[in-house]
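Computation of the quantities below employed the complete heavy-atom set of this structure, encompassing side-chain atoms and omitting hydrogens, waters and symmetry-equivalent molecules.
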Amino acid sequence: VSQSATGDGSGSSWENACTTITAGLTASASGDEIWVRSATYHEAIRLRIGIQLYGGFTGIETEREQRDWASCFTILDATGIGKSVVVGANDALMDGFTITGGSATRGGGIYFGRTSMTVQNCTIMRNKALLGGGIYLGGKPLVNPYNPSLYPRPSLIKCRIIENSARTGGGVYGEYVLLTLDQCLVRDNIASVRAGGIFFENCAGSVVNCYIINNRSELSAGGIGLTTMDFAYDECKISYGRTPAECARMSPSFTNCVIAGNHALKNGGGVHCDQATPMLTNCTIAANSGGGIYSYLYFYYQDWVGGDYERDFLLCGCRDLPSLVNCIVRNDDPIVLEWRDGLREGEDEPPMPYDPGPEGLNVTSSCISGGWYGQALDVDPLFVDPEHGDYHLQPGSPCIDSASTAGPDFDLDGHLRPVDIPGVGRDGPGAYDMGAYEFGSVPPTLTPTMTPTPTLSPTPTNTPGPPNPTPTASPSTTPI
């Protein structure tokens with residue numbers, strides 16, 4: 001595909017290229033590759049099953065490996081069209097594009113729907129929708145909606161999802177999917193109601209090696225909102241949103257995360273969990289306005305034997321208590337727990353909520369402001385430059401080699417864990433550090449290459465969709 005082609009438009013060569021991506025898709029069949037020359041294409045497209053769509057070409061390449069998608073921007077701009085920029089298809093691949101200007105009810109940038117497709121090396125920016133300003137994935141199945149084995153399996157790899165807006169899920173909205181989000185940046189997205197960065201409902205899967213920063217919601221879940229099923233977040237950075245992790249009725253795990261600089265009016269500026277029991281491992285939670293971690297659990301009661309009522313964790317979706325392992329929580333109001341017992345037979349109103357104290361949270365090998373009832377260190381972790389968002393550990397930090405003897409194999413930077421610093425903390429194998437970064441570790445052989453951001457003109461004010469307030473600026477030390 002090349003806008004400047006003057007041949008027969010068959011798509012057989014650069015000289016005979018199709019002049020629009022839509023024309024190239026129409027001429028293709030499952031298993032075909034479509035190469036797209038760098039330019040701005042003002043169209044909205046619908047992918048086809050099994051098609052591989054690649055951007056970033058100059059128009060002279062004879063091998064796909066010769067392209068340079070990182071500097072040759074291929075932009076799909078649907079400004080004024082009033083549709084999702086891209087509609088997905090099963091087993092399709094999209095690689096090396098900037099997707100912008102979309103406006104839709106679901107998925108302004110990309111509407112995956114119930115498809116298992118892959119998007120990689122792409123920038124999804126300045127799109128609008130009611131659900132999923134940047135991306136919408138999934139949809140409720142007609143049968144067996146709570147059987148994850150039947151869910152589609154979409155993947156987002158090495159993508160930038162930035163400056164999108166929606167009512168819910170400013171960056172990404174997913175429901176009923178088994179999702180892979182790998183080495184992605186989710187930044188400066190806004191939700192007018194809930195989940196500025198990412199919202200997942202009834203989802204499972206993994207988010208690995210991701211940065212989720214500077215997203216905001218006007219009500220709750222500035223970074224991430226989760227509801228209903230198990231979900232895992234591995235090696236993620238959640239920073240500078242409003243309420244970055246709202247986990248309703250589910251039990252996600254967070255590994256190698258930084259949750260910092262976020263804001264909420266109350267109940268967890270860092271992490272807000274409603275009916276959730278997340279596992280947080282090697283996370284750094286710091287400088288959040290509105291508190292560090294807030295957890296709310298509502299217990300239903302069952303009449304089990306002889307009129308005795310007991311809490312039923314299964315009915316409220318809870319399998320265990322929230323847990324912190326190898327974490328740093330450096331925050332005003334670092335942890336707030338609220339439990340509420342449900343109605344028993346003969347009662348008109350449930351009891352008032354109460355703080356369960358240390359019985360409401362499992363804490364292992366962590367550093368928490370105030371010490372958490374003596375179950376954690378209460379010391380300054382000595383971050384490198386927290387004022388500018390750098391939560392690496394300085395030499396001499398009491399969090400070095402002071403965590404448990406088990407943890408992830410890599411830190412948030414992709415560096416090896418654990419690294420033993422002789423004479424500091426615990427010596428010998430298994431000397432993990434607390435928090436998201438391992439002090440003294442070395443880079444891996446390969447480091448993630450993130451998609452650069454092209455320069456785009458401002459989004460017109462008359463583009464249909466929900467309000468798009470201006471995101472706050474990222475800190476100067478934004479990692480990508």
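- By the 6.0 Å contact criterion, CD on Q66 is enclosed, its count of non-hydrogen atoms from other residues, nucleotides or ligands being greater than 12.
- Scanning both residues, L53 and F97, for their nearest heavy atoms gives O-CE1, 3.5 Å.
- Of all the heavy atoms in P322 and S295, the pair that sits closest is CG-OG, 3.5 Å.
- Residues S369 and N331 have side chains that never bring a donor and an acceptor to within less than 3.5 angstrom of each other.
- Considering only heavy atoms from C-beta on, L393 comes within 4.5 Å of C399 through its side chain.
- Counting only distance, with no hydrogens or angles, the side chain of E438 and the backbone of H415 share no donor-acceptor pair below 3.5 Å.
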For this session: Test side chain to side chain contact (heavy atoms under 4.5 Å, CB included) on Y211 and R187 and set out the steps.
Result: CA-CA 8 Å; Y211 293 85; R187 188 195 73 200; over 6 Å; no
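- A donor-acceptor contact shorter than 3.5 Å links the side chain of T74 to the backbone of G56.
- Under a 3.5 Å cut-off, the side chain of R426 and the backbone N or O of A403 do form a donor-acceptor pair.
- Of the possible donor and acceptor atoms, none in the side chain of S441 sits under 3.5 Å from a partner among the backbone N and O of F439.
- Looking at I293 and L324, their side chains come closer than 4.5 Å, going by heavy atoms from C-beta outward.
- Here L150 contributes atom CG and R114 contributes atom CZ; the two are 8.0 Å apart, rounded to the nearest 0.5 Å.
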For this session: Using the side chain to side chain contact (heavy atoms under 4.5 Å, CB included) rule, take V119 and F112 through it: C-alpha gap first, then chi angles, then the decisive distance, then the call.
Result: CA-CA 10 Å; V119 175; F112 277 69; 3.5 Å; yes
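- Of the inter-residue distances, the one linking C159 atom SG with I99 atom CD1 reads 7.5 Å to the nearest 0.5 angstrom.
- Taking both residues in full, the closest heavy atoms of N127 and M125 are given as ND2-O, 3.0 Å, listed atom of the first, atom of the second, then distance.
- Taking the six-membered ring for Trp and thresholds of 30 and 60 degrees, H392 and Y437 have nearly parallel ring planes, at less than 30 degrees apart.
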For this session: Determine, stepwise, if the pair R216 / E218 fulfils salt bridge (charged side-chain N to carboxylate O under 4.0 Å, His left out).
Result: CA-CA 7 Å; R216 56 178 289 175; E218 298 306 317; 3.2 Å; yes
Exercise. Side chain to side chain contact (heavy atoms under 4.5 Å, CB included) between I161 and L156: does it pass, once the steps are laid out?
Worked result: CA-CA 10 Å; I161 304 164; L156 294 163; 4.3 Å; yes
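- Between F383 and Y391, the angle of the ring planes goes over 60°, which puts this pair in the perpendicular group of the 30/60° scheme.
- A donor-acceptor pair under 3.5 Å links the side-chain atoms of S366 to the main chain of C327, judged by distance alone.
- Considering every non-hydrogen atom in both T255 and C283, the closest pair reads N-SG, 4.3 Å.
- Within the model, atoms OH of Y432 and OG1 of T405 stand 8.0 Å from one another, a figure rounded to the nearest 0.5 Å.
- Atom CD1 of I162 and atom CG of N215 lie 10.5 Å apart (nearest 0.5 Å).
- Residues T115 and P154 approach most closely at O-CB, 3.9 Å, considering heavy atoms.
- When all heavy atoms of N189 and E163 are compared, the closest pair comes out as OD1-N, 3.3 Å.
- Y136 and E175 are linked by a side-chain donor-acceptor pair at a separation below 3.5 angstrom, with hydrogens and angles left out of the test.
- To the nearest 0.5 Å, the span separating CD on Q52 from CG on L47 amounts to 11.5 Å.
- The closest donor-acceptor contact from the side chain of N282 to the backbone of D411 lies at 3.5 Å or more, if one exists at all.
- Below 30°, between 30° and 60°, or above 60°: for W35 and F57 the angle between ring planes is below 30°, a parallel geometry.
- Under the 4.5 Å side-chain criterion, counting only non-hydrogen atoms from C-beta, I213 is in contact with L185.
- Side chains of Y111 and V86 form no contact here, defined as non-hydrogen atoms less than 4.5 Å apart.
- Using a 4.5 Å cut-off on side-chain heavy atoms (C-beta onward), Y54 and L93 make contact.
- Proximity of a side-chain donor or acceptor of D433 to a complementary backbone N or O of D401 within less than 3.5 Å is detected.
- Using a 4.5 Å heavy-atom threshold, the side chains of S323 and T364 count as separate.
- One N or O on the side chain of S38 and one on the backbone of F73 form a donor-acceptor pair closer than 3.5 Å.
- By the 4.5 Å heavy-atom criterion applied to side chains, L412 and T284 are not counted as neighbours.
- Although no hydrogens or angles enter the test, the distance criterion places no donor-acceptor pair under 3.5 Å between the side chain of T123 and the main chain of T98.
- S84 contributes a side-chain N or O that, together with a main-chain N or O of G107, makes up a donor-acceptor pair within less than 3.5 Å.
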Problem set entry | Verdict with reasoning, L181 to V172, per side chain to side chain contact (heavy atoms under 4.5 Å, CB included) | CA-CA 11 Å; L181 194 64; V172 180; 5.6 Å; no
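- Look at D95 and R67 and you find a salt bridge, because one of the NZ, NE, NH1 or NH2 atoms lies within 4.0 Å of a carboxylate O, short of that distance.
- Between R417 and N326 the shortest side-chain heavy-atom distance does not fall below 4.5 Å.
- The line from OG of S155 to CD of Q120 is 9.0 Å long, rounded to the nearest 0.5 Å.
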